[in-house]
Protein chains: 2
Amino acid sequence: MDELLTTTLDVLKETGYERLTIDEVVSRVHASKATVYRRWPSKSALVVAAFVHAVSHLPAEYDTGSLRGDLLAGMDDLLNEMERLADVMAGLIDEKRRNEELATALREGFLDARKQVAAGAFARARERGEIAPDADVEVLWQIAPAVVMFRWLMMGESVPREEGHRLVDEVVLPLARAGRRVSAPATPPPPPPRRRHAPPSS
Amino acid sequence: MDELLTTTLDVLKETGYERLTIDEVVSRVHASKATVYRRWPSKSALVVAAFVHAVSHLPAEYDTGSLRGDLLAGMDDLLNEMERLADVMAGLIDEKRRNEELATALREGFLDARKQVAAGAFARARERGEIAPDADVEVLWQIAPAVVMFRWLMMGESVPREEGHRLVDEVVLPLARAGRRVSAPATPPPPPPRRRHAPPSS
DNA sequence: ACCGTACGGTACGAGGCGGTACCGTACACG
DNA sequence: CGTGTACGGTACCGCCTCGTACCGTACGGT
């Protein structure tokens, strides 16, 4: 039943993995525990199935003709997905360390999908000459998801669309265009970085 | 007892908040549950105290004389802290949504501390003329923690020091020097970004 | 030598939850 | 109309874990 999976995701969103109970899920759907255990062998399997179901229609592919268009579209997509899934992920991050299937689902269903989409956009941009040939795609693709998830998960706040777009225009795009070269007259090799409460007088 | 707090953190690291039990903690310390409950009113209070204790000696302040030196020192600090605390945070992210004191501890003890240190480094750099006057510090300070935590928490991998330094040299520093202006001949205002499987031919 | 305090140990209560077993029933199919 | 399958409901088992109560004891101050 589709409804069981989506409701599982709702409960997950509210309570996290450990506090989610099968009883709570079935009570919202007018189903019975027996029905759940007829279809999935365990709570863990149910949750994994619910997550896979939620990210299964993710890999949006777009080709707007410009890198900026592609990145903005990807950002909108990311922000939408986070609105749906940020709390879910918060509730799964810890369990993922113990549950190999869950870790795989998150990696393949969410992270790899985003990476592939971004990699395609950068590849096309490179062919068009929009970005530096040596742009470090392996780092670039991570920045937007990292900052957005940092804001959602660690700081507990949502990211408005306008700010997401600024992240594209003022961070990702400039970096992609500049490539790896350090952009300005480099400071001399830094003095040996003394750490922790080290005023120069010491 | 200091030992109770550090051991609590150890257990937290291994099992996460929900699966942490007082019995497990005291069994490792040769203490008794009574001792715990004499000192802290609940499991939740113990865990919050353990986390606060762990981040209490955090706010490293350094002034190496150059922005690059400051940022590299901050990055080393961040990587060290993540080595200690990544699993702990994974085990607390979900609980933080329900536990206001925990959320405060994480915000004030970890995030704000890092932000202040970074803000100081950028302010000094601006006075020295090392960076653009309009550099967006509010975004810049987040990038390093965001990417590092993304790698630890979402991708489940550690970040080698060399890669952290590249993040400083090829991402944060160039952005700070360039400021907000878009770095290269802007692409024309993008064609209306059509989303989701939209080849130009459609 | 006395006493109070804090300790480790442990037994216990109470509630919660995963998972199973067994109802009676509704509905599709032939 | 007969049959079987899947369902909702529910009682139950076993286990876990928070938190409390009550031991006997070690130890430091006076």
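Chain A is the first sequence line, chain B the second, and so forth, proteins listed ahead of strands; every chain is numbered from 1.
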### Inter- and intrachain pairs under salt bridge (Lys or Arg N to Asp or Glu O under 4.0 Å), touching residues 15-28 of chain B, at least two apart
A:E18-B:R19, A:R19-B:E18, B:E14-B:R28, B:E18-B:R98, B:D23-B:K33, B:E24-B:R28
### Query
What is the per-nucleotide protein-contact pattern of nucleotides 15-21 of chain D, from the 5' end, where B denotes a base atom under 4.0 Å from a protein heavy atom, S denotes such proximity for sugar-phosphate atoms only, and - denotes neither?
--SBBB-
### Query
Got B:F51 and B:L106 here, is their nearest side-chain heavy-atom distance under 4.5 Å?
yes
### Query
If pairing requires Watson-Crick or G-U wobble contacts with both distances under 3.5 Å, which nucleotide is the partner of D:dT30?
C:dA1
### Query
Can a salt bridge be assigned to the pair A:D77 and A:R114 using a cut-off of 4.0 Å between side-chain N and carboxylate O?
yes
### Task
Before giving the answer on salt bridge (charged side-chain N to carboxylate O under 4.0 Å, His left out), spell out for B:E138 and B:K115 the whole-Å C-alpha distance, their side-chain angles and the decisive distance to 0.1 Å.
CA-CA 9 Å; B:E138 189 58 41; B:K115 177 176 174 176; 3.2 Å; yes
### Message
Can you list everything that forms a side-chain hydrogen bond (donor to acceptor under 3.5 Å, both in side chains) with B:D10? Sequence neighbours excluded, please.
### Response
none
### Query
How would you list all residue pairs meeting salt bridge (Lys or Arg N to Asp or Glu O under 4.0 Å) that involve residues 149-164 of chain A, not counting sequence neighbours?
A:D76-A:R161, A:R151-A:E157, A:R151-A:E163, A:E162-A:R166
Return the polar atom pairs (N/O with N/O) between nucleotides 3-7 of chain C and the protein under 3.5 Å, or none.
| from | atom 1 | to | atom 2 | distance (Å) |
| --- | --- | --- | --- | --- |
| C:dC7 | OP1 | B:R39 | NH2 | 3.1 |

### Message
Under a 3.5 Å distance rule, please check whether A:K13 uses its side chain to pair with a backbone N or O of A:T8 as donor and acceptor.
### Response
no
### Message
So that I can tick it off, tell me whether B:R107 and B:D112 are bridged by a salt bridge, with the cut-off set at under 4.0 angstrom between side-chain N and carboxylate O.
### Response
no
### Task
Without swapping roles, check the side chain of A:T7 against the backbone of A:E3 for a donor-acceptor pair under 3.5 Å.
yes
### Summary
What residues 10-17 of chain B contributes to the DNA chain C interface at heavy-atom separation below 4.0 Å is none
### Query
Is the shortest side-chain N to carboxylate O distance from A:R84 to A:E81 below 4.0 Å?
yes
